[in-house]
Amino acid sequence: MGAKKAEAKAIEALLADLNEPQREAVCHGDGPLLVFAGAGSGKTRALTYRIAYLIEACGVAPESILAVTFTNKAAGEMKERIRTLIGDRAAALWAGTFHSMCARMLRRHGRAIKVEPNFVIFDTPDQMALIKEALSVVDVDQKEFKPPDVHQRISAAKNELIGPTEFRRTRKGPFDEIVGRAYRIYQEKLAQNNALDFDDLIMRAVQLLREAPEVREHYQDRFGYVLVDEYQDINFAQYTLVKLLGEKHRNVCVVGDDDQSIYGWRGADVGIILDFEKDYPDAHVVKLEQNYRSTQRILECANEVIAPNRGRAPKRLWTDAEPGESVTVYEAVNEQEEAYYVASCISRAVQERRRPYRDFAILYRTNAQSRVLEEAFLTQGLPYRIVGGVRFYERREIKDLIAYLRVLLNPADSVSLRRIINVPTRGIGDKTVAVLDRLAYENAGSLLEACRAAQGSAELSARAQAAVERFERMIARLSEQAQRLTVTKLTNNVLEQSGYLEMLEKDGTAESAARAENLKEFLSLTQKFEQSHEEASLSAFLEHVALLSDIDESDDSENAVAMMTLHSAKGLEFPVVFMVGLEENIFPHQRSMRDERELAEERRLCYVGLTRAQEQVTLTHCRRRTIYGQTQECEPSRFLKNLPEEHVERYDEVSRLFATEPKMEELAQAPVGGAKLDLVSILRRARENAVLAREREKEERKAASTKMAAARPGRPGTTMSAGERPKRRTGKMRAASQGYQGFRAGEKIIHPKFGKGIVVSCTEAEVTVAFPDQGVKKLSLDYAKLERASSR
DNA sequence: GGTTATGGATTTTTT
DNA sequence: ATCCATAACC
């Protein structure tokens, strides 16, 4: 009786959360649907609510819905949000990345196109190793034909579904001639290793659907509804895949924003989203233009920055929120001073406005720019975290360990075998490996088989033979264990029996200790995996690892300022955003200067950066900057010229001071008592006065303008509207102060091995410490025996 | 077989 | 300036 009523009520409640265009997208029934979702317009909300609506209101079975994203993070978030909407029924829908979906299809049905179900997935370094091998077969100079360049060409070809044969037929020119030959050999080598690279996953999945009619039918029938997120990032191969899957029911819903297309350089084609209506003339088009994230002024700036681009789908972000503060443009003397300025602004805001550090993000165009910022933060003792950068699974020790595990699962994986055959060193040098390689080639077998064949053969010295035999026996022993032990136990045994841990321990350097720590971390990962997965087999684990990018996904509950590239910032939001290095040749980047299309992409990148901010934006640029050891005069970025003056406040007093008083700079750089006197310390007083004056001015103005407004709860500058809520408030609540188990940012400590260091940040479980000689390390509070250095 | 010197390049990143 | 790869060394 009440069940129907309750359900109707639930649906009503669902729709009440939405604005008009969102509701239009969510309630659209059958047929193709294109949703242009501007930045901060509640895109994920529309997508997840639509899925919930299809299931709840339209009675669509969850298992007939396919939702595809590009990253694991996005897929995870989507699943989680749908689960909160409809509960455990969400588990039945297919929600995943393009790559995981393809891997799944290929494992199940790949046999039809001669893909073994137990294939391994080669990541970038594996791929590079194979490319190098292929190039040495082609016998060309690898300085002229650089592996990354060749790989890039092959990858681009795969993204366009062009195989080696077609490549050689259609691509002419001296470079592509070589690439074509390398491509063929590269594919052969992948097959020998029973491996697919990332691009193969998509390309072969398309091939599977094209060439195996019964498989195509199966999936076309199954997926009554196909939804794709971030459609502006799609490449031709992925597009073809989506088209094939959706061909039967034509219930294809794509969501994206052409203005946020920033991955053209890796094959994404904005044209695809813009041409959606060409493929589906009957497509319903919805535009989400109301923004729930930023203040009016920030949106005005973003709108003006993106406006000059041609060929956009017309749209303009708007908001109900208040105008908010002006966008600040600050001219710094050089990059050190720029960093110092940003650090001081944040430090001041934390103290005076009681904002936590985690409210701030600093965005830059290139990774190299982070260093100066880090130095400024370290000297000022401010906590920060770098988002992106070196990934956990790319660290050498982790790759080594994974290589061991891969060999145990897939004895044909010669790339992994070569990686570990002499790690730790066990007397199997390049010469021995070369002989083994030849044996493998002659017998058309794997490298591991060659290790067996080498026994008793006259090809190797007795010593080499003994070493190879010992190695082969160890692998055989571990392989046997792999059959019956859990992944964690097996991993433990690998570390012990291979001598890997022993090698690190013997080394005794701080770096080795850090590596050992990382391996421990890996063990906690295998445990977590076993707890959370039904089928915790070695192969399931390795697939999990291969398709997962950031195992140690930076913990955004950590109270620290986030630093990252503009690319990494996509999809995130922060109350306060600093974008640094807004100079010609930096942003837009020098390499994009020649090409109109690339310049348009840089502009979109700037738009993405601006639209990350909820309340405040500061853009900085330098008068001078040292690049590659060369100091240059820098021109402000063209993007700064597009900002509407009425929403901008420009500050360049400090740098003007230096322009008018050149002696001051000379003085600043003159050596004093053998050491260079810090420019920054000279500047400090001048700028602090300027900043103080400015803050005072701002406060006064705000006091005047808000006098009549009624006191309202919540932070100034944002409006919480029903549609969208800031994501980051929901995380674990932590004490607002930074000191957890005693350590706070800036504190000086002593580590038994690494010596003196400065605490960068500290959470409940671990503390990040910068050591002058060893770099920045994360230490577990349980293990690390840290002592306070008596500072005075 | 492991370690140090030289040369060359040096956007962005996911899977 | 600095990082990485390869090449010449011990």
Side-chain angles (χ1 to χ4, degrees), chain A residues 68-75 96-103 121-128 132 141-144 146-149 152 155 158-159 196-203 205 230 233-235 237-238 261-268 335 363-372 387-391 393-394 421-434 461 463-464 467 507 543-550 553 564-571 581 585-593 595 598 601-602 604-606 608-609 625-631:
Chain A
V68 205
T69 63
F70 284 88
T71 66
N72 290 302
K73 196 172 156 225
T97 63
F98 273 101
H99 293 86
S100 68
M101 170 185 83
C102 291
I121 298 164
F122 271 11
D123 64 11
T124 311
D126 299 327
Q127 293 167 35
M128 220 48 87
K132 282 180 190 156
D141 181 5
Q142 302 205 4
K143 280 204 180 97
E144 204 175 330
K146 289 182 218 111
D149 293 350
Q152 156 68 27
S155 171
K158 290 182 174 181
N159 289 162
L196 299 181
D197 68 16
F198 292 129
D199 303 316
D200 283 335
L201 289 173
I202 315 289
M203 188 167 71
E230 304 278 15
D233 288 337
I234 203 158
N235 65 39
Q238 292 159 335
S261 164
I262 55 174
Y263 287 113
W265 50 274
R266 63 179 204 212
E335 69 270 30
L363 312 181
Y364 34 81
R365 175 69 241 263
T366 68
N367 285 307
Q369 291 170 260
S370 75
R371 207 158 83 197
V372 194
V387 179
V390 217
R391 271 175 277 289
Y393 86 118
E394 274 172 14
I421 196 165
N422 203 29
V423 179
T425 53
R426 43 173 77 89
I428 306 177
D430 288 345
K431 249 176 76 187
T432 309
V433 174
S461 68
R463 206 167 74 166
D507 200 35
E543 168 147 343
H544 174 76
V545 170
L547 293 178
L548 203 75
S549 58
D550 37 8
E553 44 187 68
M564 69 195 87
T565 63
L566 284 148
H567 282 89
S568 303
K570 195 175 128 197
N585 297 321
I586 298 283
F587 189 27
H589 196 271
Q590 180 142 35
R591 305 272 285 233
S592 331
M593 287 298 202
D595 187 305
E598 288 184 62
E601 187 153 307
E602 297 281 309
R604 293 195 289 265
L605 197 53
C606 186
V608 166
R625 177 181 294 273
T626 306
I627 309 167
Y628 309 141
Q630 223 67 46
T631 304

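Lettering of chains follows the sequences in order, A, B, ..., and the numbering in each one begins at 1.
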Distance in Å, A:Met564 CE paired with A:Leu566 CG, rounded so as to fall on 0.5 Å steps: 9.5 Å

For a quick test of reading the model: is some side-chain N or O of A:Thr124 closer than 4.0 Å to OP1 or OP2 of B:dT14? no

What is the distance from CG of A:Asn367 to P of B:dT14, rounded to the nearest Å? 10 Å

Under 3.5 Å, is there an N or O donor on one side and an acceptor on the other linking the side chain of A:Arg266 and the base of B:dT13? yes

Contacts of type ring pair (Phe, Tyr, Trp, His ring centres under 6.0 Å), residue A:Phe587, not counting sequence neighbours: A:Phe639

Not counting sequence neighbours, which residues clear side-chain contact (heavy atoms from CB on, under 4.5 Å) with A:Thr432? List them please. A:Ile428, A:Leu436, A:Leu460, A:Ala464, A:Val468

With C1' as the reference atom in both, quote the distance from C:dA5 to B:dT12 in angstrom, rounded to an integer. 23 Å

Across the strands shown, which category fits A:Arg371 at heavy-atom distances under 4.0 angstrom: base, sugar-phosphate, nothing? sugar-phosphate

Residue pair A:Lys158 / A:Asp197, side-chain heavy-atom distance below 4.5 Å: yes

With no hydrogens and no angle check, just 3.5 Å: does a side-chain donor-acceptor pair link A:Gln127 and A:Thr124? no

Considering heavy-atom distances to DNA chain B, does A:Ile428 or A:Arg365 have its closest nucleotide positioned more toward the 5' end? A:Ile428

Would you say B:dT15 has OP1 or OP2 under 4.0 Å from some side-chain N or O of A:Asn72? yes

Find the distance A:His544:NE2 to B:dT14:C1' and express it as a whole number of Å. 16 Å

Chain A footprint on DNA chain C, 5' to 3' - any atom under 4.0 Å from a heavy atom: C:dA1 to C:dC3

Between atom CG in A:Leu605 and atom P in B:dT11, what is the gap in whole Å? 15 Å

So if I take every side-chain heavy atom of A:Thr71 and compare against B:dT14, B:dG1, B:dT12, which nucleotide ends up nearest? B:dT14

Stacking of A:His589 on B:dT11 base (centres under 5.5 Å, planes under 30°): yes

Under 4.0 Å between a side-chain N/O of A:Thr97 and OP1 or OP2 of B:dT14, yes or no? no

B:dG2 phosphate, OP1 or OP2: any side-chain N/O from A:Asn422 under 4.0 angstrom? yes

Among A:Phe98, A:Tyr263, A:Phe198, ring pair (Phe, Tyr, Trp, His ring centres under 6.0 Å) partner for A:Phe70: A:Phe98

OP1 or OP2 of B:dG2 less than 4.0 angstrom from a side-chain nitrogen or oxygen of A:Thr425, does that happen here? yes

Whole angstrom value for the distance that separates P of B:dT12 from NE2 of A:His567: 9 Å

For B:dT13 versus C:dC4, give the span between their P atoms, rounded off to a whole number of Å. 15 Å

With a 4.5 Å cut-off on side-chain heavy atoms, are A:Leu363 and A:Val608 touching? no

When the distance from CZ of A:Phe122 to P of B:dT15 is rounded to whole Å, what number comes out? 19 Å

Rounded distance (Å) that lies between atom C1' of B:dT15 and atom CG of A:Asn235: 11 Å

Reckon A:Gln127 touches a base, only the sugar-phosphate, or nothing at all at heavy-atom distances under 4.0 Å? nothing

With sugar-phosphate meaning primed atoms plus P, OP1 and OP2, does A:Tyr263 contact a base, only sugar-phosphate, or nothing at under 4.0 Å between heavy atoms? sugar-phosphate

So that I can tick it off, tell me whether A:Arg591 and A:Glu598 are bridged by a salt bridge, with the cut-off set at under 4.0 angstrom between side-chain N and carboxylate O. no

Euclidean distance, atom CZ of residue A:Phe587 to atom C1' of B:dT12 [Å, nearest integer]: 10 Å

ring centroid sep under 5.5 Å plus plane angle under 30, A:Phe70 with B:dT14: no

Tell me: CD of A:Gln590 to P of B:dT10, nearest whole Å? 12 Å

